[in-house]
Amino acid sequence: MPAARYAHGAARLPDGRIAFMGGNSTQSSSSVTNTVYIYDPNTNTWTSGPSMPVGKSFMACAALESGLIWVAGGATSSKDRSSTTHLLNPSTMTWSQAANIPQEIGEANGGPLPNGKAGLPGGFGTDQSSSNTALNTFYVYDPTSNSWSTGPAMPTARSRHAVQWTGEGLVVMGGWPTGSQTANEEYDPFANTWRINPSIPVGIMDAGSALVGGKVATFSDNTSTDLVVVYWP
């Protein structure tokens, strides 16, 4: 990458390029950035993208069904939690501010839902200067009406979890607290309900995820062990 980052967001653009957004430039919480770097796998090159309106790290980020890139919550240079939401339009490569989340949330992940919507399960709901509180809330953002609604509560409160849309459900795996979670739960947007899936064999936290051949792969959690866990819905 053109610059070192961590706690940043990433999402695939409709043309196959990948946008890496925000994050921290150092381990200092005051080093939050608003930079956007775009990687093109066809040319194996990086370019700079449009800067985010606000620097953020530890935020939820996803490519929606419409192609819009959705960024919600996270930490800013002045606060450990935020309620702001922004959208990147890949057609014009411009950012716009969307409706705020009903509450401030940080260290959450989210994913796309049918009809162009986005789902935001869990996260931290208090400032880091206070006791961290993992949430079991589930909020749904609708870009058509530019509004948030409250969905059914997730069975297990958590943050720093992996989230993956499978085409049928939004799978949420691992997370904090208790060191690292083994909980594996899935939101069914068609029935508007959560179900409890088989537990992960080992606890994971701060893990990335990908859908590979219909299976949900999570990898590279915050332990010192190289770890890949695969769940077949």
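Since the structure is predicted, the reported quantities are computational estimates derived from the model, not experimental observations.
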Who passes ring-ring contact (aromatic ring centres under 6.0 Å, His included) against F20, sequence neighbours left out? W46
For Y139, enumerate each residue passing the ring-ring contact (aromatic ring centres under 6.0 Å, His included) test, keeping only those at least two apart in sequence or located in another chain. none
Where the side chain of [X] meets the backbone of [Y], is there a donor-acceptor pair that is under 3.5 Å apart?
| X | Y | result |
| --- | --- | --- |
| K56 | T84 | yes |
| S57 | G23 | no |
| N109 | H161 | yes |
| N146 | A99 | yes |
| R158 | A183 | yes |

Kindly compute the distance separating [atom1] ([X]) from [atom2] ([Y]), expressed to the nearest 0.5 Å.
| X | Y | atom1 | atom2 | value |
| --- | --- | --- | --- | --- |
| H86 | C61 | NE2 | SG | 12.5 Å |
| T166 | K215 | OG1 | NZ | 13.0 Å |
| M173 | T218 | CE | OG1 | 4.5 Å |
| I105 | N100 | CD1 | CG | 11.5 Å |
| M21 | R5 | CE | CZ | 13.0 Å |

Side chains of residues 111-123: which donor-acceptor pairs under 3.5 Å do they make with residues two or more places apart or in other chains?
none

Count I, L, V, M, F, W, Y as connected when their side-chain heavy atoms are under 4.5 Å apart, and connections chain through other members. Are [X] and [Y] then in the same cluster?
| X | Y | result |
| --- | --- | --- |
| V163 | F138 | yes |
| V229 | L211 | yes |
| M154 | I101 | no |
| Y37 | I18 | yes |
| Y39 | V36 | no |

Can you see which heavy atom on [X] is nearest to which on [Y], and at what distance?
| X | Y | value |
| --- | --- | --- |
| T43 | T45 | OG1-OG1, 2.6 Å |
| L88 | M93 | CD1-C, 3.9 Å |
| Y141 | A98 | OH-CB, 3.3 Å |
| D188 | E168 | OD1-O, 4.2 Å |
| G110 | A60 | N-CB, 3.7 Å |
| G214 | W232 | O-CD1, 4.1 Å |

If the plane angle is over 60° it's perpendicular, under 30° parallel, otherwise tilted; pick one for W70 and W148. tilted
Would you kindly say whether T156 and E185 are connected by a side-chain donor-acceptor distance under 3.5 Å? yes
Does L64 reach the side chain of I69, with side-chain heavy atoms less than 4.5 Å apart? no
Answer yes or no: is there a side-chain heavy-atom contact under 4.5 Å between N192 and Y187? yes
